[in-house]
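For reference, the structure is listed below as structure tokens.
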Amino acid sequence: MEKNLAKTYSPKEFEERIYAEWEKNGAFRAERDPKKKPYTIAMPPPNITGQLHMGHALDQTLQDVLIRWRRMQGFSALWIPGSDHASIATEVKVVDKIREEEGLTKEDLGREEFLKRAWQWKELYGGKITEQVRKLGNSCDWSRERFTMDEGCNKAVIEMFVKLYDKGLIYRGNRLINWCPECGTSLSDAEVEHEDKNGKYWYFRYPAKDGGEGIVVATSRPETMFGDVAIAVHPEDERYKDMIGKTVILPLVGREIPIIADEYPDPEKGTGAVKITPAHDPNDFQVGERHHLERPSCINPDAKMNGLAGKYEGLDRFECRKKWAAELEEAGYLVKTEDKVIPSGECYRCSTIIESMLSDQWFVAMEELAKPAIEAAKSGQLVHVPDRFEKIYLHWLENIRDWCISRQLWWGHRIPAYYCDDCGELIVQTEAPVVCSKCGSSKIRQDEDVLDTWFSSGLWPFSTLGWPEESEDYRYFYPTDVLVTGYDIIFFWVVRMVFSAIEMTGEIPFKYVYVHGLVRDAEGRKMSKSLGNGIDPLEIIDQYGADALRFMLTTGISPGNDMRFKTDKLESSRNFANKLWNASRFVIMNLQDEEGNFLETPEFMEGLELRDEDKWILSRVNSAVQYITDNLEKFELSLAGQRIYEVIWNEFCDWYIELVKNRLYQGDEQEKKVVRAVLVHALKDMLKLLHPFMPFLTEEIYSYLPKGTPDADNPEDFLMKGAWPVVDGQLEYPEEVKRIETAMEAIKSIRNIRAEAEAAPGRKLRAVILADGEGAAVMESCRRYIMSLANITEILITADKTETPEEAMSAVISGAEIFIPLDDLLDYKAEFERLSREKKKLEEEVDRLEKKLSNEGFVAKAPANIIAEEREKAAGYRDKLDKIRDRLELVARKC
RNA sequence: GGGCGAUUAACUCAGUUGGUAGAGUGCCACCUCGACAAGGUGGAAGUCGUUGGUUCGAGCCCAGUAUCGCCCACCA
């Protein structure tokens with residue numbers, strides 16, 4: 001084995017290997033440890049319809065960050081993986097596949113054979129998905145992997161159905177439902193997508209039976225006229241008052257229908273008179289109920305007209321619409337047409353226009369179930385993050401209608417309802433009956449339909465833990481802690497999990513709903529198959545590594561908002577990984593002797609003589625621990641990730657390593673030992689803080705570091721099992737931090753002078769620093785930093801102004817003035833301009849602050865600490881400004 | 001019809017309790033120095049959509065408005 005990291009970060013070399021090691025060592029397995037607190041997330045099960053997309057990658061990475069962090073914090077963290085059978089979506093795919101490959105329909109195959117094919121599909125794609133989940137580095141407990149149609153979930157579904165049925169909350173009824181003619185099944189309201197389409201109104205005259213003018217109605221759907229049973233007008237509508245109770249004739253059809261009065265018609269819309277077709281319109285259905293009207297259907301489930309349409313029987317509804325409207329026009333019944341935007345409903349799977357149809361279906365009565373789910377959010381027991389999504393959740397629940405759960409499909413949970421062919425008895429129970437409980441007949445037939453796929457996913461947080469059994473997992477891990485999902489499935493899923501869980505388990509299934517946005521393409525378009533703009537996470541992982549992908553997905557975003565997938569962000573994440581990789585390489589290099597053996601490196605800081613920069617980096621890391629932990633608590637993953645990036649790159653790499661190089665290269669053994677200790681300590685903490693975001697890279701680096709003494713409580717064989725760093729009040733060194741910050745200020749201004757003067761970086765320069773009292777003491781302590789990082793060979797610190805050179809470029813920093821003699825290079829004009837710019841900036845600041853401080857309101861009302869801070873700042877700027885002015889005067893004379 | 005989000009540097013976006021605007025990418029100049037060119041150093045770049053209000057003080061809070069986007073809605 002190599003003793004140090006390779007020169008370039010190359011994730012392919014280790015990601016797969018590390019995942020295999022974690023898995024082999026059971027690192028993801030959650031134990032029911034009574035000494036620990038459980039932390040549980042049920043992974044939203046991806047559909048087995050195909051492969052994972054970027055949305056899954058985002059969703060799962062967020063969960064893995066939370067799970068890994070909590071695990072390190074000492075929770076017994078369980079992340080349950082699984083997949084969803086996705087009834088309708090999968091069935092559509094399998095049907096397509098059979099048609100393409102074998103030229104057969106599902107009816108050709110028969111139910112049993114079709115289900116065999118569907119299970120084969122599940123094996124194939126289910127396997128692909130779990131492979132992808134592993135590639136992403138997700139630390140889910142594979143020993144508890146579940147599928148929505150496995151034995152346990154199946155049992156849970158049946159239990160739920162029977163219980164709700166017994167309580168009267170599930171019922172069978174003949175009602176108007178959403179029908180997809182293409183998929184050949186009913187759909188719930190949530191599965192219908194609304195879209196506005198260009199269409200028109202036809203105004204047709206329905207002549208009166210008594211030979212009068214009759215009445216004109218507007219319709220966007222002439223073909224449904226064959227199902228008309230009445231014309232409704234508003235009772236207060238003066239135009240039609242006299243006509244209520246009269247009879248009109250359905251044009252060309254000849255059927256007589258009454259004019260009725262109902263509150264439903266809006267006198268402002270159309271002509272104020274509405275044709276009533278109870279079998280094909282939800283509103284009309286209700287009017288029909290109120291007036292006890294017949295409800296004849298004129299469209300069949302295959303979207304073709306039936307016998308009621310006379311000669312149009314067998315014709316597609318839209319074809320019929322054209323021909324029938326033309327025929328009516330021909331016959332003189334058309335008064336006018338009007339172009340209009342017509343709202344239409346489409347199937348969320350195949351985009352076919354949905355028909356409202358009368359049908360025998362199973363429904364869940366929602367009113368009673370919705371109440372406690374609403375209460376859960378309102379009482380604060382269920383928290384949405386960000387909270388604006390609570391509105392969406394509540395709005396949906398408060399306007400919910402009964403849920404149609406039966407589907408005329410084969411792939412799914414078959415409804416546990418049985419019919420006796422002899423006496424017609426309906427039996428609903430968990431076990432299939434052998435004989436009819438009423439008449440004893442053995443001619444029992446199970447309901448043909450399966451359940452809405454969301455019925456089973458609604459049970460996911462508890463069915464995966466063993467419910468309805470009171471299993472040990474269920475007792476220990478349930479309720480779960482957080483549900484992570486995209487805002488697009490709040491109604492489909494979140495809502496249903498909450499009411500199902502409350503009804504079945506008596507508990508709210510999770511405390512937090514952490515909602516994220518969508519991953520869009522670089523142009524901001526939704527990624528979709530039809531646009532072909534989807535990006536395969538595996539390809540990205542192959543190119544940049546899983547860590548870079550994960551970091552890119554979790555940082556630079558704000559909760560609940562969409563993000564764009566840009567490769568420059570990905571590259572920047574990969575570069576960050578490379579940066580840490582190389583910094584670690586530097587650390588490891590310095591921990592070893594020439595043969596690659598570890599040198600003595602103390603584990604603890606205590607008793608070591610730390611220098612300012614040591615204390616500075618320790619305190620920076622310590623404050624990062626605080627910040628990152630706080631923000632993870634608040635689900636602000638992006639802020640946490642951003643901070644660890646800054647600490648590693650801008651503080652550890654840019655400053656600490658540079659500050660310490662001299663000691664490592666030239667220091668004595670004791671000195672080196674101290675530096676080694678601090679390097680290892682800081683690096684380990686940073687690796688831990690970054691680990692939830694970039695698990696592979698951090699684990700790999702960790703494996704090259706010297707281990708502490710492993711013991712039972714902290715088996716440091718894997719970083720991922722190590723403890724999350726804790727904030728240590730001892731590590732706040734304000735004095736030392738301030739001195740290092742002053743050194744940085746000095747170094748930056750000298751570098752700036754060097755660049756401005758176009759002095760080659762290698763050119764040795766000397767400096768004279770004017771400072772007295774405390775300022776001089778601080779500068780004295782900064783001497784060696786300035787020498788090495790600003791490349792200064794000689795520094796004179798003096799309180800005597802006469803010792804400062806006139807022929808120099810200068811800079812003013814807090815408590816000191818720096819002069820860099822640059823005889824040959826000195827361009828007074830340029831220097832004058834540079835100082836003028838500086839002066840202007842300072843003047844603006846002083847102005848602003850003085851205005852603020854002379855504002856009586858500010859002094860009277862602002863908090864004391866703010867006022868003090870502002871005063872201090874003002875004083876500092878004034879001091880600098882004075883010095884700059886003096887300098888400027890001098891330089892002005894020279895040019 | 002109802003609701004929500006966005007509007008900040010050329011681009012993509014952060015900005016946690018109101019207290020001198022940040023990052024990444026790109027751009028300019030310089031740099032192969034013993035972790036790293038997937039790098040280093042320095043620099044340019046924003047009246048935070050707009051109007052008004054609250055406040056000593058507003059990118060942040062309130063009201064209105066414009067543009068873009070999303071969701072929900074029984075839709076003759």
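Everything numeric in this text was worked out from a predicted model, so none of it was measured. In the text below, chain A, chain B and the rest are named by the order of the sequence lines, each starting its count at 1.
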Name the nucleic acid region contacted by [X], choosing base, sugar-phosphate or nothing; use a 4.0 angstrom heavy-atom cut-off, strictly under.
X	value
Arg574(A)	base
Asn855(A)	sugar-phosphate
Asp630(A)	nothing
Glu658(A)	base
Lys661(A)	base
Thr8(A)	base
Phe285(A)	nothing

Work out how far the [atom1] atom of [N] is from that of [M], and round it to whole angstrom.
N	M	atom1	result
A76(B)	C4(B)	C1'	30 Å
G59(B)	G43(B)	P	26 Å
C30(B)	U17(B)	C1'	43 Å
U20(B)	U47(B)	C1'	16 Å
G5(B)	G49(B)	P	16 Å
A45(B)	U32(B)	P	28 Å
G64(B)	G26(B)	P	43 Å
G24(B)	C62(B)	C1'	34 Å

Taking the minimum atom-to-atom distance to the side chain of [X], which one of [options] wins?
X	options	result
His395(A)	C36(B), G15(B), C72(B)	C72(B)
Lys269(A)	C36(B), A76(B), U20(B)	A76(B)
Ser558(A)	G15(B), A6(B), U16(B)	G15(B)
Tyr665(A)	A73(B), G34(B), C36(B)	G34(B)
Arg751(A)	G42(B), U20(B), A76(B)	G42(B)
Lys391(A)	C13(B), C4(B), U16(B)	C4(B)
Ser220(A)	A76(B), G42(B), U20(B)	A76(B)
Asp266(A)	G24(B), A38(B), A76(B)	A76(B)
Asn561(A)	U20(B), A14(B), A37(B)	A14(B)
Leu639(A)	A14(B), G5(B), C75(B)	A14(B)

Would you please say whether a donor-acceptor pair under 3.5 Å links the side chains of Thr277(A) and Lys275(A)?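 Yes, Lys275(A) and Thr277(A) have a side-chain donor paired with an acceptor closer than 3.5 Å.
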Rounded to the nearest 0.5 Å, what separates atom CD in Glu756(A) from atom CZ in Arg837(A)?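 Going from CD on Glu756(A) over to CZ on Arg837(A), the span is 5.5 Å.
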Does Arg643(A) qualify as a cation-pi partner of Tyr627(A), given the criterion of NZ or CZ under 6.0 Å from the six-membered ring centre and within 45 degrees of its axis?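 That pair qualifies as a cation-pi contact.
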Would you kindly check if the NZ (Lys) or CZ (Arg) of Lys661(A) is within the cone defined by 45 degrees around the ring axis of Phe586(A) and under 6.0 Å from the six-membered ring centre?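 Lys661(A) over Phe586(A) ring: yes.
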Can a salt bridge be assigned to the pair Arg295(A) and Glu289(A) using a cut-off of 4.0 Å between side-chain N and carboxylate O?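 Judged by the 4.0 Å cut-off on N to carboxylate O distance, Arg295(A) and Glu289(A) do form a salt bridge.
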When the distance from CD of Glu756(A) to P of C31(B) is rounded to whole Å, what number comes out?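 Computing the Glu756(A):CD to C31(B):P distance gives 16 Å.
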N or O in side chain of Tyr201(A) less than 4.0 angstrom from A76(B) OP1/OP2: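 So the side-chain polar atoms of Tyr201(A) do come within 4.0 Å of the phosphate oxygens OP1 or OP2 of A76(B), strictly under.
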Heavy-atom nearest nucleotide on RNA chain B for Arg388(A) versus Ala755(A): which residue maps closer to 5'?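 The residue whose closest nucleotide sits nearer the 5' end is Arg388(A).
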Taking the nucleotide of RNA chain B with the nearest heavy atom to each, does Asn631(A) or Ser344(A) sit closer to the 5' end?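 Per heavy-atom nearest nucleotide, the more 5' residue is Asn631(A).
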Arg239(A) atom CZ, neighbour heavy-atom count above 12 within 6.0 Å: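 It does: Arg239(A) CZ has more than 12 such atoms within range.
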Would you say the base of A38(B) stacks on Tyr9(A) (centre-to-centre below 5.5 Å, plane angle below 30°)?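 According to the criterion (under 5.5 Å, under 30°), no, Tyr9(A) does not stack.
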With a 4.5 Å heavy-atom cut-off, do Val680(A) and Val675(A) have their side chains touching?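 They are not in side-chain contact.
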